[in-house]
Amino acid sequence: MNKVILLIPYYNNSDGLMKSLKSIDENEELDVLIVDDGSVNKFDENLAISSFKAKGKVFFEYLRNNKGIETALNTGLDIILNKEYKYIARLDCGDVCLGKRFGIQEKFLNENPSVKIVGSNVLAVDSNDKFLYSINLPLKDQEIKNKMYFNSMLIHPAIMFSVEILKTVGMYSLNYKSAEDYAFFFSISKFYKMENINEYLTQIEINEKGISLQKRKQQVACRIRIIKEHFYFGFYPIYGLIRNYILLILPYSFILFLKKIKK
């Protein structure tokens with residue numbers, strides 16, 4: 001039995017799902033769980049299975065109504081907890097795996113048992129696969145935890161984590177719309193060591209219709225709430241609050257411009 005399962009929430013993006021599944025290297029050893037969040041535009045199960053070439057199985061779960069990504073993720077986690085997987089990986093529809101991502105991350109976690117969640121550097125492209133910018137993240141635990149007050153230092157669709165984390169921190173919170181991953185990572189940071197691998201293992205799609213752009217102000221507002229809940233008087237929380245209040249005001253087009261300059 002595979003020790004890794006990939007959790008993919010699905011909502012009205014069949015082309016993106018197939019693109020993501022096709023990007024998984026055929027030599028990878030992992031299973032996939034796709035949770036349909038009450039979509040109107042369904043995907044073809046047979047096409048999904050045939051698009052997945054790796055050494056594993058594809059499982060499906062369907063929510064009757066659209067409940068939001070947090071509920072879709074938690075539904076998937078509930079199912080996974082009843083099985084015997086060691087690690088859970090994440091990917092979003094339209095995002096692409098680079099190289100043998102899952103094998104690299106599984107090996108890293110096996111060789112570094114004190115680390116319970118690992119991410120990687122990421123490439124960002126637009127909906128036409130045109131390169132936008134690269135995301136180079138801090139690699140070591142303390143720097144990640146310090147800079148979490150600025151923004152998430154783990155990219156959600158690029159992570160793999162130990163199932164045992166869930167026994168301590170629980171599931172994704174339903175109280176932080178569009179920032180459920182940020183809240184989840186902050187909870188993990190209080191108990192476990194986290195690191196990033198200094199390789200580009202995932203390519204993420206920046207889609208103007210995506211949740212993070214459509215609901216960016218909501219996302220930043222929730223991020224501010226999370227920072228306040230974990231606040232202490234120090235440079236990182238104070239600077240993080242100021243930075244996020246500024247981001248709340250700035251238009252995303254300007255932020256994207258700055259990211260492209262830094263690429």
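FYI, side chains are in, hydrogens and waters are out, and symmetry mates aren't considered; it's all heavy atoms of this structure. We number each residue from 1, following the sequence as shown.
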Report task. Could you tell me whether a side-chain N or O of S120 sits under 3.5 Å from a main-chain N or O of Y200, the two making a donor and an acceptor? Result -> no
Query raised in the report: Has the side chain of N244 got a donor or acceptor atom that lies under 3.5 Å from a matching backbone atom of F150?
Result: yes
Query - Test item: I206 and Y133 side chains (from C-beta on) under 4.5 Å apart, heavy atoms - result: yes
Requested in this report: Count the heavy atoms of every other residue, nucleotide or ligand shown that sit under 6.0 Å from NZ of K190, and state whether that count exceeds 12.
Outcome: yes
Query raised in the report: With a 4.5 Å limit on heavy-atom distance, are the side chains of I165 and M194 in contact?
Result: no
Requested in this report: Using side-chain contact (heavy atoms from CB on, under 4.5 Å) as the criterion, point out the one residue from I117, L77, V4 that pairs with I88.
Outcome: L77
Query - Side-chain (Y239) to main-chain (I242) donor-acceptor, under 3.5 angstrom - result: no
Query raised in the report: Roughly how far apart are M1 CE and K57 NZ, rounded to 0.5 Å?
Result: 9.0 Å
Query raised in the report: Going through the checks in order, is the side chain to side chain contact (heavy atoms under 4.5 Å, CB included) test met by N196 and L139?
Result: CA-CA 5 Å; N196 281 304; L139 304 180; 4.2 Å; yes
Report summary line: In L98, L154, L201, I204, the residue satisfying side-chain contact (heavy atoms from CB on, under 4.5 Å) with V122 is I204
Query raised in the report: Side-chain contact, heavy-atom cut-off 4.5 Å: I144 with L137?
Result: no
Query raised in the report: Hey, does the side chain of E180 reach the backbone of T71 with a donor-acceptor pair shorter than 3.5 angstrom?
Result: no
Query raised in the report: How many angstroms lie between atom OH of Y149 and atom CZ of F231, to the nearest 0.5 angstrom?
Result: 8.5 Å
Report task. Write down the atom of I159, the atom of R101, and the distance for their closest heavy-atom approach. Result -> O-NH2, 2.9 Å
Requested in this report: Answer yes if I197 and L109 sit in the same cluster of Ile, Leu, Val, Met, Phe, Trp and Tyr residues linked by side chain heavy atoms under 4.5 Å apart, and no otherwise.
Outcome: yes
Query raised in the report: What are the two closest heavy atoms between C93 and Y10, and how far apart are they?
Result: SG-CD1, 3.7 Å
**Report entry** Separation of N41 CG from D36 CG (nearest 0.5 Å)
**Finding:** 10.0 Å
Query raised in the report: Can any side-chain N or O of S20 pair as donor or acceptor with the backbone N or O of D92 at less than 3.5 Å?
Result: yes
Query raised in the report: Aromatic rings F186 and H230: how do their planes relate, parallel, tilted or perpendicular, breaks at 30° and 60°?
Result: parallel
Report task. With the side chain counted from C-beta on, respond yes when L47 and S51 share a heavy-atom pair under 4.5 Å apart, and no when they do not. Result -> yes
Query - Check: N146 side chain, Y236 main-chain N or O, donor-acceptor pair, under 3.5 Å - result: no
Query raised in the report: Just by distance, do the side chain of D95 and the backbone of L91 share a donor-acceptor pair under 3.5 Å?
Result: no
Report task. Of all the heavy-atom pairs spanning V35 and L63, show the shortest one and how long it is. Result -> CG1-CG, 4.3 Å
Query raised in the report: Where do Y87 and S162 come nearest, in terms of heavy atoms and distance?
Result: CD2-CA, 3.8 Å
Report summary line: Residue pairs meeting side-chain hydrogen bond (donor to acceptor under 3.5 Å, both in side chains), one or both in residues 60-70, sequence neighbours left out, come to D37-N66, E45-Y62
Query raised in the report: Do S152 side-chain atoms and Y182 backbone N/O form a donor-acceptor pair below 3.5 Å?
Result: no
Query raised in the report: With sequence neighbours excluded, what pairs up with K19 under the side chain to side chain contact (heavy atoms under 4.5 Å, CB included) test?
Result: V96, D129, E205
Query - Qualifying salt bridge (Lys or Arg N to Asp or Glu O under 4.0 Å) pairs, either residue in residues 228-244, two or more places apart - result: none
Query - Side-chain touch I24/K53, heavy atoms, less than 4.5 angstrom - result: no
Query raised in the report: So how far is it from L33 CG to I5 CD1, rounded to the nearest 0.5 Å?
Result: 5.0 Å
Query raised in the report: Judged by atom type as modelled, is there a donor-acceptor pair below 3.5 Å linking the side chain of E29 to the main-chain atoms of G56?
Result: no
Query raised in the report: Same cluster for I226 and L247 if Ile/Leu/Val/Met/Phe/Trp/Tyr side chains link at under 4.5 Å?
Result: yes
**Report entry** More than 12 heavy atoms from other groups under 6.0 Å of NZ on K42
**Finding:** yes
Report task. Return yes if some donor-acceptor pair links the side-chain N/O of K130 with the main-chain N/O of S127 below 3.5 Å, else return no. Result -> no
Query raised in the report: Given S178, which of Q218, R223, K217 fulfils the side chain to side chain donor-acceptor pair (under 3.5 Å) condition?
Result: Q218
Query - same_hphob_cluster(I80, Y192) at 4.5 Å side-chain heavy-atom cutoff - result: yes
Query raised in the report: What about F59 and I34, same hydrophobic cluster or not, with Ile/Leu/Val/Met/Phe/Trp/Tyr joined at side-chain heavy-atom distances under 4.5 Å?
Result: no
Query raised in the report: With side chains defined as the heavy atoms from C-beta onward, is the minimum distance between F102 and L6 less than 4.5 Å?
Result: yes
Query raised in the report: Taking all non-hydrogen atoms of both residues, which atom of L7 and which atom of G76 are closest, and how far apart?
Result: CD1-CA, 3.9 Å
Query - Within-4.5 Å side-chain heavy-atom neighbours: V40 and N12 - result: yes
Query raised in the report: Rounded to the nearest 0.5 Å, what separation is found between the NZ atom of K116 and the OG1 atom of T168?
Result: 10.0 Å
Query raised in the report: Does a salt bridge link K140 with E195, judged by any charged N lying under 4.0 Å from a carboxylate O?
Result: yes
Query raised in the report: Checking side chain to side chain contact (heavy atoms under 4.5 Å, CB included) for the pair T202/Q105: CA distance, chi angles, key distance, verdict?
Result: CA-CA 11 Å; T202 306; Q105 290 183 309; 6.0 Å; no
Requested in this report: Using the rule that two of Ile, Leu, Val, Met, Phe, Trp, Tyr join whenever any of their side-chain heavy atoms come within less than 4.5 Å, decide whether Y176 and L241 are in one cluster.
Outcome: yes
Requested in this report: Give, for atom CD1 of I49 and atom CG of D44, the distance between the pair rounded to the nearest 0.5 Å.
Outcome: 9.0 Å
Query - Heavy-atom closest pair, residues K147 and P138 - result: CD-CG, 4.4 Å
